[in-house]
Amino acid sequence: MTNDDGYDPSGGGADDVLDGLTEAQRRAVTTTEGPLLVLAGPGSGKTRVITRRIAYLVRCGVPAWQILALTFTNKAAAEMKARVVALLGEGPAGRGLTVSTFHALCARLLRRFAPVANLPGLSTSYSIYDDSDQLALIKATIAALNLSTTNFPPRSVLSRISSAKNDLLDAKAFEASAGDFASRVISKIYAGYEAALRKADAVDFDDLLLLTGRMLRDCAPVREACRERWSYLLIDEYQDTNRAQFVIASLLAGSGGAPTEGAAGTKPNICVVGDPDQSIYGWRGADITNILDFEKQYPGAAVVALGDNFRSTEHILLSADALIRHNKLRKHKPLVSFRGAGEKVEVVLLRDEHQEAALVADWLKAAKEDGAPPLAWKDLAVFYRTNALSRVIEERLRGEGVPYRIARGTAFYDREEVRNALGYLRVVANAADDVSLARIVNVPARGIGDTSWDKIEAAARREGTTVLVMLRQAGTVPDVSSRAANAAAKFVATLDGWTGAGSFMGADTPASLSELVERVIRESGLEGMYKTAAGVGGTGGDAADASRVDNLAELVSSAAEFEAAYVPEEDAGLGPEGGAGGTGVPPVLRVGSSAEAADTGGTPVPPVGRGVPPLLAMLRAYLERVSLVADADAVDPAQGAVTLMTLHAAKGLEFRAAALIGLEEGCLPHSRAQQNDRELEEERRLCFVGITRAMDRLLITSSKYRTIRGISERTIPSRFLDELPREHVRVSDQSDAFEGLDESWGGDSGMTGDPVAKLRARASGMSEAKPTGPFADLVVGATVRHPQFGMGTIRSITRGMNARATVKFRDVGEKTLLLEYARLVKVG
DNA sequence: CACTCATTCCTTTTT
DNA sequence: GGAATGAGTG
């Protein structure tokens with residue numbers, strides 16, 4: 001992006017990097033020494049400050065390789081790097097600068113230091129498991145423990161484990177903290193899952209952080225090597241860091257993660273940038289106190305607040321400001337617009353989601369035309385809380401011929417066909433990777449079905465070896481049919497053909513990465529499988545399958561591209577440009593160069609590349625890369641279409657005009673996020689993020705009825721609508737427009753009182769009334785008896801068709817019951 | 001062993 | 001309303 005105005009990269013002094021910055025921005029850039037907290041409000045030029053700061057450091061004589069900048073997304077990292085290069089020029093000045101995501105940095109540190117740091121079950125060719133791999137593994141673990149997936153749903157077990165890892169709790173620590181029965185069982189699953197990961201020489205996303213944090217904490221030589229390499233640390237989106245990331249940052253910075261005391265005397269050059277008001281990943285383990293307590297952790301830290309907003313007009317910004325002021329757990333910082341008053345925010349109440357979609361479509365068209373000059377489709381966006389809301393909008397936009405794209409669309413590397421191909425590649429790179437093997441062993445169907453697999457897998461477990469080893473001797477496994485054994489032999493032979501039986505040498509071994517990928521796709525039968533499904537020649541086939549074939553071809557080109565850019569020496573070192581030679585650039589991050597490392601008897605490690613066939617090394621690097629690219633990286637509003645996305649995906653982006661839909665209780669404060677103030681305030685921040693994405697125009701809609709899971713339900717307008725100041729918003733009620741003239745005909749300017757207030761009052765009055773109809777005596781808090789489960793208390797209840805209640809039973813825990821069948825009896 | 005039909009279960013998801 | 005499992009049949 002180049003909204004960085006007229007800066008001339010050819011200039012040489014440090015001062016030109018400051019051109020055009022405000023006073024506060026300037027302070028954030030030039031306060032280079034010691035800890036610094038930058039509170040960057042929305043649209044305050046945060047990215048510009050970060051990139052200028054890096055350029056300023058370099059201009060002041062700091063070697064670029066001493067600077068480490070950490071982000072959350074690859075996109076942010078790439079943009080940051082590009083903008084720094086634009087500031088410094090392509091020359092040697094920026095050489096060795098490390099801009100990386102947390103996860104990518106950790107992946108490389110682990111690959112580099114796993115052997116030194118004594119991390120059992122982790123070699124340099126470890127696999128990185130994503131969500132679906134994790135799910136497969138956790139299911140297998142639950143099954144191996146003879147537990148049922150109904151009592152322990154894999155997804156929720158996984159999320160428990162994930163949050164434990166985010167808090168740096170390993171299975172043992174988790175067990176120690178496990179209070180109730182379910183938690184103790186989960187701690188067993190956790191332990192089994194960990195063992196399985198280590199056995200497969202694999203880590204999950206959370207492990208990347210957990211293991212790196214532990215390595216930095218426990219292994220002084222590695223810690224020292226990192227601290228020696230990087231003396232200037234910069235972290236973006238700090239409000240979204242979790243406990244593990246916090247510890248990693250603290251250890252890298254050199255404060256040891258110890259509050260106040262331990263840091264005495266040291267003044268690490270750590271600069272964190274973020275906005276507590278935009279913290280929206282608490283549910284994923286992000287800990288907002290990391291940023292709120294920064295000054296406690298580093299006493300005497302400099303603080304710069306960037307509140308000047310260059311993005312949104314006044315009405316929009318002040319609406320957002322008024323809203324966020326309702327949060328209690330927050331540090332206030334003033335928001336000031338530099339873009340003039342602009343138009344008021346439009347709040348419209350609609351009858352149902354179809355009317356809402358129609359209005360949004362009309363509004364988008366009008367916003368496009370009304371702009372001066374007229375806007376492009378790509379300047380427009382629609383935001384919603386949950387993905388399910390996009391469907392109706394999509395249908396309408398399609399019907400009206402408005403081009404749109406969904407920011408979530410399955411990422412390239414997430415597609416089934418691509419994941420299958422990558423599964424083969426993972427098995428090639430890591431013969432212990434049983435999860436990937438399970439995925440692909442019978443895709444396409446080659447006669448090794450579930451029964452044979454189970455037997456071979458059980459045999460492998462008995463022998464304490466990997467499934468692939470057992471597959472090689474499938475004939476000797478009892479009860480495996482000769483047909484399956486033959487199929488297994490053929491499969492193994494194909495695999496060996498690609499790897500030269502593990503040697504990666506010999507005439508038949510692919511000479512390049514792209515050739516390997518191509519052969520895997522062809523010889524595995526994947527290509528043939530999808531071609532058949534697509535109907536060769538295109539007749540009668542499925543268009544989706546045709547695109548699968550294309551995607552496989554695309555994978556080959558992605559491998560070729562990677563190969564072209566790949567430099568083995570850089571892979572061995574750290575930092576994309578930490579290359580060999582040059583002016584004082586350390587070629588490789590090395591353990592054992594410091595005094596302390598020598599004290600602890602740290603042995604210098606051989607470079608990673610040593611002894612590894614080049615093709616294998618390249619494959620590992622390639623797989624690491626593709627494992628770490630995520631959906632959000634693909635969000636690129638550069639196309640000629642309206643962007644539809646969740647509020648979470650919208651963070652960090654901006655649009656000339658935006659529509660925020662579904663402002664209803666239960667939808668924008670989401671029903672699952674109203675348990676406590678912390679959750680509710682995060683919902684409010686989510687709304688804040690949505691509002692502050694809009695530059696010129698903002699539409700907010702709320703629908704009186706919404707179809708949720710197939711049934712139409714009466715809604716209550718979101719409390720957040722009440723919190724928007726009426727001097728900055730224009731409210732209109734169109735929900736009755738087609739229901740006759742009895743009420744508020746033409747009353748869309750609020751002459752007869754505020755429609756939001758009226759509706760909210762009316763609806764909440766209704767919900768407070770005594771429930772009627774069946775089960776009227778069952779209210780939240782009531783004590784009930786169940787024929788099997790005994791006594792309990794009602795935690796929550798939903799009425800209407802299929803009425804359910806969640807009941808906390810004294811003996812058997814919480815259960816959700818269908819009232820129609822449960823025969824609950826109220827007691828007392 | 002593979003494919004099809006029914007039953008279940010639903011937030012958000014930077015890596 | 002819909003995707004994503006699991007059971008059951010060919």
Side-chain angles (χ1 to χ4, degrees), chain A residues 70-77 100-107 128-132 134-135 139 149-150 153-156 158-159 162 165-166 203-209 236-237 239-242 244-245 278-286 353 383-389 391-392 395 407-408 410-411 413-414 442-454 481 483-484 487 624-635 645-652 662 666-674 679 682-683 685-686 689-690 706-712 802 804 816:
Chain A
L70 290 175
T71 65
F72 278 84
T73 67
N74 295 299
K75 190 180 167 223
S100 167
T101 65
F102 267 101
H103 290 266
L105 177 80
C106 290
I128 299 173
Y129 280 1
D130 65 19
D131 293 348
S132 66
Q134 290 181 52
L135 207 57
K139 279 180 187 163
T149 48
T150 29
R155 282 216 174 275
S156 63
L158 209 47
S159 89
S162 173
K165 286 185 175 183
N166 287 159
V203 301
D204 61 23
F205 283 131
D206 301 314
D207 279 338
L208 289 172
L209 304 176
D236 192 16
E237 305 283 13
Q239 78 282 353
D240 289 333
T241 50
N242 62 28
Q245 286 158 330
Q278 293 183 63
S279 160
I280 55 175
Y281 286 98
W283 53 275
R284 259 198 132 232
E353 64 270 22
F383 308 137
Y384 34 81
R385 173 69 235 262
T386 60
N387 283 309
L389 295 194
R391 209 191 82 249
V392 179
E395 283 166 4
R408 168 194 48 139
T410 319
Y413 295 108
D414 250 3
N442 206 29
V443 178
R446 55 168 66 88
I448 310 172
D450 290 346
T451 24
S452 302
W453 171 265
D454 287 347
S481 69
R483 219 166 110 184
E624 178 182 303
R625 230 277 281 287
V626 301
S627 299
L628 297 176
V629 298
D631 283 17
D633 297 332
V635 177
M645 64 179 119
T646 63
L647 285 164
H648 284 91
K651 194 175 73 160
C667 189
L668 189 34
H670 196 274
S671 48
R672 293 266 199 118
Q674 299 182 18
E679 286 184 350
E682 182 155 311
E683 294 293 301
R685 291 195 292 268
L686 212 38
V689 165
R706 188 172 294 279
T707 309
I708 303 160
R709 305 209 273 279
I711 45 169
S712 177
N802 296 321
R804 291 159 206 264
T816 300

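A note on names: the letters A, B, ... follow the listed sequences, proteins ahead of strands, and every chain is numbered from 1. All values reported here derive from a predicted model rather than from experimental measurement.
Looking only at side-chain heavy atoms (C-beta outward), A/R284 and A/N242 stay at 4.5 Å or farther from each other. Residues A/F102 and A/T241 have side chains in contact (heavy-atom distance under 4.5 Å, counting atoms from C-beta outward). At least one side-chain heavy atom of A/Y384 sits under 4.5 Å from a side-chain heavy atom of A/N387. Side chains of A/V392 and A/T707 form no contact here, defined as non-hydrogen atoms less than 4.5 Å apart. In this structure, A/F72 and A/K651 have side chains that are not in contact, with every pair of non-hydrogen atoms separated by 4.5 Å or more. Side-chain contact between A/L628 and A/T101: absent, with no pair of heavy atoms (C-beta onward) separated by less than 4.5 Å. Between A/S100 and A/T71 there is no side-chain heavy-atom pair separated by less than 4.5 Å.
Side-chain N/O atoms of A/N442 include one lying less than 4.0 angstrom from OP1 or OP2 on B/dA2. Regarding contacts with the backbone of B/dT13, a side-chain N or O of A/T646 is found under 4.0 angstrom from either OP1 or OP2. The side chain of A/N387 places no N or O atom within less than 4.0 Å of a non-bridging phosphate oxygen (OP1 or OP2) of B/dC10.
A distance of 10.0 Å separates OG of A/S481 from CD1 of A/I448, quoted to the nearest 0.5 Å.
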Worksheet entry | CA sep, side-chain torsions, deciding dist, call: A/W283, A/H648, ring pair (Phe, Tyr, Trp, His ring centres under 6.0 Å) | CA-CA 12 Å; A/W283 53 275; A/H648 284 91; 5.6 Å; yes
Practice prompt. Tell me, with the steps shown, if A/I280 and A/V689 meet side chain to side chain contact (heavy atoms under 4.5 Å, CB included).
Written response: CA-CA 9 Å; A/I280 55 175; A/V689 165; 4.2 Å; yes
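Rounded to whole Å, the distance from CZ on A/F102 to P on B/dT13 is 21 Å. As rounded to whole Å, 12 Å separates atom C1' of B/dT11 from atom CG of A/L647. A/R385 has its CZ atom 5 Å from the C1' atom of B/dT11, to the nearest Å. To the nearest angstrom, C1' of B/dT14 lies 5 Å from OH of A/Y281. The CD1 atom of A/I711 sits 16 Å away from the P atom of B/dC9 (whole-angstrom rounding). Rounded to whole Å, atom C1' of B/dT11 lies 18 Å from atom CE of A/M645. Atom P of nucleotide B/dT12 and atom CZ of A/R672 are separated by 10 Å, given to the nearest angstrom. Put simply, CZ on A/R685 is 21 Å from P on B/dT11, counting in whole angstrom units.
Take A/W453 and apply the side chain to side chain contact (heavy atoms under 4.5 Å, CB included) test, not counting sequence neighbours, and it matches A/L437, A/A438, A/V441, A/E457, A/V467.
Within the nucleic acid shown, A/A673 comes within 4.0 Å of at least one base atom, counting heavy atoms only. Within 4.0 Å (heavy atoms only), A/D130 reaches no atom of the nucleic acid at all. Residue contacts for A/S452: at a heavy-atom cut-off of 4.0 Å it reaches the sugar-phosphate backbone alone, with no base atom in range.
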N/O contacts under 3.5 Å, protein versus nucleotides 2-9 of chain C?
residue : atom : partner : partner atom : Å
C/dG2   : OP1  : A/R391  : NE           : 3.2

Pairs under 3.5 angstrom, nitrogen or oxygen only, protein versus nucleotides 4-6 of chain B, please.
none

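Here B/dT11 is the nucleotide among B/dT11, B/dA2, B/dT14 with the atom lying nearest to any side-chain atom of A/T386.
Remark: the separation of the P atoms in B/dT12 and C/dT5 is 16 Å, to the nearest Å. Straight-line distance between the P atoms of C/dA4 and B/dT13: roughly 15 Å, to the nearest whole Å.
Nearest-nucleotide assignment on DNA chain B puts the 5′-proximal partner with A/A484, out of A/A484 and A/E682. Between A/E683 and A/S481, it is A/S481 whose nearest contact on DNA chain B lies nearer the 5' terminus.
Stacking annotation: A/H670 is stacked on the base of B/dT11 (ring centroids less than 5.5 angstrom apart, interplanar angle below 30 degrees). Residue side chain A/W283 meets the stacking definition with respect to B/dT12: its ring centre sits within less than 5.5 angstrom of the base's six-membered ring centre, and the planes differ by less than 30 degrees.
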